[in-house]
Amino acid sequence: MTYLDYQATTPLAPEALAAMLPLLEGNFANPHSAHAQGRAARAAVEVARDDVAGLLPPGGTVSFTSGATEALNWAIKGTSGGIVTIATEHAAVLDTAAAERRRGRDVVVLPVGTEGLVDLAAARAAIGPGVGLVAAMLVNNEIGVIQPIAELAHLAHAAGALFLCDAVQGYGRVRIPDGCDLIAVSAHKIHGPKGVGALWIRDGVTLEPLMHGGGQEPAGRSGTLSPALCAGFGAAARLAKQRLGADHAHAEQLFRAALARIPGDWVLNGAQGDRYPGNLNLRHDGLDVARLMSDLRDIAFSAGSACASGSGRPSHVLEAIGLSAAEARASIRIGFGRYTTEDALLHAIDRIAAAARRQSRAA
C-alpha cells in the first residue's frame, strides 16, 4: 500500500509508540489519583503537556481533550457573542457555529476567492461590535491553503473579540502566527495516536465548560486522561519540533516533483503559493473518482475530507472556491509527508494519471 492521505491521518511515529508502551503495559494508574502510581502517571502527562506546548505560542495553557473536534466545540460553545468564520472551515467549526446560531448567536460565514483565501474586505465589514469570536483554519484540510491568520486575529482584537485558530493541519508543519487566543490541535495529524488532542488557551481567557464533572484539566475540562495517549502526543510533538525544518523541506521537494510529473490535463485546486506543500488537491474533468479508487486499491488517497467521506455530498470547500458539483466530484486529494518517498509518490501519480486516461478513452 502506498499511503497518500496525510490530511486524514498520519502514520504513527515509532518514537510515539515507544513513549506509549510503558504506560499501556506497566503503569495503568489513574493520573488524577494521589498515590505513587497515580503521581507517576500524572508526571508523564505533564511532560507531554510541556512537549505539546513547545509548538505553540508562549503565554498560554494546554488542556488535553479527546481530539480537535472536542477542542473546537469547547472553544466555540465556551464563548459568547456573535461568531465570524469562513466558508471553507472544517465541519467541526461550521456545524458547531450553526448549532450556536440555533441557540440565538449571530453567525457570519465569510466567502473565499477562487484560490480559497478569505475575502479580507468582507472580514473587515463583518468583524465589528457584537462579535465575540472569530474562528479560522490555519491550513485547510482539503486544499492546503494557508489563511492570513495574523490579519484576522488583528481584526478580531480590534473589535474586542477572541480569535480561535483551528491549527490541526498546520500544527507541527508551519509556524502558528501570534495573536491567537485559542488554538485547537490534534495528535494524529503529527504522527501521534488518535483519540487525543488539545486546546491551547491564552492566559487570562476563560471558557464555559463543555462537559461537567471533575474538572481535571487546567481550564476545567472534565474526564480521566489517558497517560499513554498524552505521552504519544507529547513524543510526536517533540519530534515534530526537532524535525520542523527537515519535514517542511521534504514536503516542498515532494510537491515540486509531483507538480512537474502531473499531466497538463489535471488542474490544481486552491492557491499554489499560499499553501502547505504536503497537499495536492487535483481535478480532472469527467473523472469518476469512485472508479479510480476501485482501480487503484493499493494507493490510499482521498476524494475529499475523511470526516465527510460517507455523506455523498460534494465538498463544501471546493464549492466555496467556485467549482461546480461535477468539478468537485472529479477532484482527488493527495497528501504526503515525513515517511513518503519521492519514488513512491511519483509512481503513484503515474498510475493515477494512467487510470484517468483509460477512463477518458472508455468514455
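Throughout, numbering of the chain's residues begins at 1 and tracks the sequence. This is a predicted model, so every value here is computed, not measured.
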Exercise for the section: Give the C-alpha distance, both sets of side-chain angles, the deciding distance and a yes or no for salt bridge (charged side-chain N to carboxylate O under 4.0 Å, His left out) between Arg49 and Glu217. Expected result: CA-CA 11 Å; Arg49 195 186 310 278; Glu217 278 297 87; 2.7 Å; yes

Handout entry: Leu133 reachable from Ile127 in the ILVMFWY side-chain graph, under 4.5 Å edges
Key = no

Handout entry: Where Pro57 and Trp200 come nearest, the two heavy atoms and their spacing
Key = O-NE1, 3.4 Å

Handout entry: Side-chain donor/acceptor of His248 to backbone N/O of Pro277, under 3.5 Å
Key = no

Handout entry: Any donor-acceptor pair under 3.5 Å from Lys241 side chain to Ala236 backbone
Key = no

Exercise for the section: Spell out, as yes or no, whether a donor-acceptor pair under 3.5 Å connects the side chain of Arg105 to the backbone of Gly81. Expected result: yes

Exercise for the section: Decide yes or no on side-chain contact (heavy atoms from CB on, under 4.5 Å) for Ile143 and Leu318, but give the supporting numbers first. Expected result: CA-CA 8 Å; Ile143 58 176; Leu318 298 183; 3.7 Å; yes

Practice task
Specify the closest pair of heavy atoms between Gly337 and Leu254, including all atoms of both residues, with the distance to one decimal.
Solution key: O-CD1, 4.0 Å

Handout entry: Path from Phe255 to Leu282 over hydrophobic side-chain contacts below 4.5 Å
Key = yes

Exercise for the section: For residues Trp266 and Ile352, determine if any side-chain heavy atom of one lies less than 4.5 Å from a side-chain heavy atom of the other. Expected result: yes

Handout entry: Arg243 side chain to Ala240 backbone, donor-acceptor under 3.5 Å
Key = no

Exercise for the section: Mind listing the closest non-hydrogen atom pair of Pro227 and Val45 along with its distance? Expected result: CA-CG2, 3.9 Å

Practice task
Kindly work out whether a path of hydrophobic side-chain contacts (I/L/V/M/F/W/Y, heavy atoms less than 4.5 Å apart) joins Val185 to Leu229.
Solution key: yes

Exercise for the section: Compare all side-chain heavy atoms of Thr85 with those of Ile76 and state whether any distance is below 4.5 angstrom. Expected result: no

Handout entry: NE2 (His154) with more than 12 external heavy atoms under 6.0 Å
Key = no

Handout entry: Check: Arg221 and Leu210 side chains under 4.5 Å, non-hydrogen atoms
Key = no

Practice task
Can you establish whether the number of heavy atoms outside Phe28 located under 6.0 Å from its atom CZ is more than 12?
Solution key: no

Problem - Donor-acceptor contact present, side-chain Asn279 to main-chain Glu142, <3.5 Å - result: yes

Completion exercise
dist His188:NE2 -> Thr10:OG1 (nearest 0.5 Å) comes out at 7.5 Å

Completion exercise
Nearest heavy-atom contact between Ala320 and Val112 is O-CG2, 3.5 Å

Practice task
Keeping the roles fixed (side chain from Arg101, backbone from Val107), state whether a donor-acceptor pair exists under 3.5 Å.
Solution key: yes

Practice task
Could you please spell out the steps behind the side-chain contact (heavy atoms from CB on, under 4.5 Å) verdict for Arg124 and Leu155?
Solution key: CA-CA 7 Å; Arg124 294 186 191 97; Leu155 291 173; 3.8 Å; yes

Exercise for the section: Output the distance between atom CD (Glu89) and atom CG (Asp95), rounded to the nearest 0.5 Å. Expected result: 12.0 Å

Exercise for the section: Please lay out, stage by stage, how Leu138 and Ile146 fare under the test side-chain contact (heavy atoms from CB on, under 4.5 Å). Expected result: CA-CA 6 Å; Leu138 175 57; Ile146 298 175; 4.2 Å; yes

Practice task
Output the distance between atom CD (Glu327) and atom CG (Asn269), rounded to the nearest 0.5 Å.
Solution key: 8.5 Å

Problem - Minimal non-hydrogen separation, Ala167 against Ile176, with atom names - result: CB-CD1, 3.9 Å

Problem - Residue pair Ile149 / Phe163, side-chain heavy-atom distance below 4.5 Å - result: yes

Exercise for the section: Could you state whether Val174 and Val118 fall into the same hydrophobic cluster, counting links through intermediate Ile, Leu, Val, Met, Phe, Trp or Tyr residues with side-chain heavy atoms under 4.5 angstrom apart? Expected result: yes

Problem - side-chain hydrogen bond (donor to acceptor under 3.5 Å, both in side chains) against Asp265, all qualifying residues, sequence neighbours excluded - result: His284

Exercise for the section: State the CG-CD distance between Asp247 and Gln242, to the nearest 0.5 angstrom. Expected result: 10.5 Å

Practice task
Quick one: list whatever passes side-chain hydrogen bond (donor to acceptor under 3.5 Å, both in side chains) with Gln169, sequence neighbours left out.
Solution key: Arg173

Practice task
Could you pull out the closest heavy-atom pair between Ala235 and Ala16, with the gap in Å?
Solution key: CB-CA, 3.9 Å

Problem - Min side-chain heavy-atom separation Thr69-Ser186 under 4.5 Å - result: no

Exercise for the section: Could you check if a side-chain atom of Leu120 sits within less than 4.5 angstrom of a side-chain atom of Leu152, using non-hydrogen atoms only? Expected result: yes

Problem - Distance-only polar pair, side chains of Ser302 and Gln7, donor-acceptor under 3.5 Å - result: no

Exercise for the section: Evaluate the side-chain proximity of Asn281 to Arg275: yes if any heavy-atom separation is below 4.5 Å, no if none is. Expected result: yes

Exercise for the section: Step through the shown structure and confirm whether more than 12 heavy atoms of other residues, nucleotides or ligands are within 6.0 Å of CD on Gln272. Expected result: no

Exercise for the section: Give a yes or no answer on whether the side chain of Ser66 reaches the backbone of Val196 with a donor-acceptor pair at less than 3.5 Å. Expected result: no

Exercise for the section: I would like to know whether Ile190 and Phe233 meet side-chain contact (heavy atoms from CB on, under 4.5 Å); could you show each step before the answer? Expected result: CA-CA 8 Å; Ile190 59 160; Phe233 192 0; 3.9 Å; yes

Problem - Side-chain donor/acceptor of Glu100 to backbone N/O of Ser80, under 3.5 Å - result: no

Completion exercise
CZ of Arg261 to CG of Leu346, rounded to nearest 0.5 Å, is 4.5 Å

Exercise for the section: Could you tell me whether the side chain of Ser33 and the main chain of His35 form a donor-acceptor pair under 3.5 Å? Expected result: no

Fill in the blank from the handout: Value for CG (Asn30) from CZ (Arg42), rounded to nearest 0.5 Å, stands at 10.0 Å

Problem - Asp5 side chain near Thr9 side chain, heavy-atom distance below 4.5 Å - result: no

Handout entry: Shared hydrophobic cluster for Ile183 and Val84 (ILVMFWY, side-chain gaps under 4.5 Å)
Key = yes

Practice task
Determine whether the aromatic ring centres of Tyr6 and His191 lie less than 6.0 Å apart.
Solution key: yes

Handout entry: Any donor-acceptor N/O pair, Tyr171 side chain to Ala237 backbone, under 3.5 Å
Key = no

